[in-house]
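Please read the structure below before turning to the comments.
Reminder, nothing fancy here: chain letters follow the sequence lines and each chain counts from 1. Everything quoted here is computed from the prediction, not taken from an experiment. What you see below is based on every heavy atom in this structure, not just the backbone, and it leaves out hydrogens, waters and symmetry mates.
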Number of protein chains: 2
Amino acid sequence: MVNSEEVLDRTFGALSDRTRRAILRRLSAGEATVGELAAPFDMSMPAITKHLNVLETAGLIQRQRDGRMKRCSVRQDGLKPAEDWLTGQTMFWNGQLDQLETFLAREKAASDA
Amino acid sequence: MVNSEEVLDRTFGALSDRTRRAILRRLSAGEATVGELAAPFDMSMPAITKHLNVLETAGLIQRQRDGRMKRCSVRQDGLKPAEDWLTGQTMFWNGQLDQLETFLAREKAASDA
DNA sequence: GGATAAATGAACCATATGGTTAATTCTGAA
DNA sequence: TTCAGAATTAACCATATGGTTCATTTATCC
């Protein structure tokens with residue numbers, strides 16, 4: 001098990017950079033090559049490669065060879081840890097403990113499955 | 001206007017550290033002094049102060065003097081930018097463009113208000 | 001007023017982060 | 001089989017981050 005705190009560190013860390021958020025949003029519209037992703041930015045290719053590495057190790061994207069290019073795509077459930085943490089947090093301080101119980105039970109069921 | 005990208009940078013950046021997330025969760029259960037927040041961690045007080053500074057400039061908490069202590073509390077809408085970004089993102093790649101339109105309209109209305 | 005406690009500030013250190021340029025790998029095409 | 005393009009790796013640099021210790025402010029209590 002890859003410690004849930006580490007996952008959250010990496011997920012939120014990946015989202016804390018605007019270039020990476022822009023890349024994610026671009027990829028939401030569909031797959032793209034590394035070159036296509038780099039085009040809008042005034043930044044070298046290696047810089048983009050580094051950002052893609054961060055996104056990939058955070059489980060937010062995946063890359064696969066396609067000829068001499070590489071196609072990047074979103075990993076569908078990559079944002080779930082971040083969403084779940086935020087949901088739990090807001091329900092907590094909203095004092096909605098009844099909803100929180102339901103939420104936690106659902107989480108547990110999902111992780112056991 | 002404090003550039004929405006900067007807000008997201010700071011918000012996700014603040015959440016990318018497990019000590020700060022733990023502090024936020026602790027504060028969800030109710031106010032606490034800096035000393036109470038520091039107690040569970042094997043870390044100096046100045047380190048905690050720094051984390052609190054990060055959380056405060058990200059708009060996630062606030063501090064107020066109370067005698068010779070300071071009481072920290074959660075800022076209720078501090079997580080909203082992060083939540084909204086995540087919601088928009090997941091709706092997008094889920095292909096739920098109809099729901100996305102509704103969401104964006106609601107966002108716009110809220111920001112205009 | 002003087003001692004003590006809570007929190008912060010200042011200075012410092014090691015490592016992480018985000019960028020660069022130059023070299024390298026891998027693949028497709030002439 | 002050589003050439004050219006896409007992407008990554010390597011090496012480097014400046015700044016940010018997360019921690020430390022020591023000094024300082026602010027407020028309480030005797």
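Taking atom NZ of residue A/Lys70 and atom C1' of nucleotide C/dT25, one finds them 10 Å apart after rounding to whole Å. Nucleotide D/dA6 holds its P atom 12 Å from the CZ atom of A/Arg65, rounded to whole Å. Distance CD (A/Gln62) to C1' (D/dA7): 18 Å, rounded to an integer number of Å. The distance from atom CG of A/Asp9 to atom C1' of C/dT15 is 15 Å, rounded to the nearest whole Å. Distance B/Leu52 CG to C/dT8 P: 6 Å, rounded to the nearest Å. Between A/Gln64 atom CD and D/dA7 atom P the separation is 13 Å, expressed in whole Å. A/Asp66 has its CG atom 12 Å from the C1' atom of D/dA6, to the nearest Å.
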- Item | Per-nucleotide protein contact string for nucleotides 18-25 of chain D, where B marks a base within reach and S marks sugar-phosphate only (heavy atoms under 4.0 Å, - for neither) | BBBBB---
Below 3.5 Å is the cut-off: list the nitrogen or oxygen pairs between protein and nucleotides 3-5 of chain C, distance only.
unit_1: C/dA5; atom_1: O4'; unit_2: B/Arg68; atom_2: NH1; d: 3.1

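Ion pairing of B/Arg21 with A/Glu5 is present here, as a side-chain N (NZ or NE/NH1/NH2) and a carboxylate O approach within less than 4.0 Å.
Taken residue by residue, residues 31-39 of chain B places heavy atoms nearer than 4.0 Å to DNA chain C at B/Thr33, B/Val34, B/Gly35.
A/Arg18 comes within 4.0 angstrom of no nucleic acid atom, judged by non-hydrogen atoms across all strands. Here B/Arg71 lies out of heavy-atom contact (under 4.0 Å) with every strand.
Note that CE of A/Met45 and CG of A/Leu52 are 8.5 Å apart. Values are rounded to the nearest 0.5 Å.
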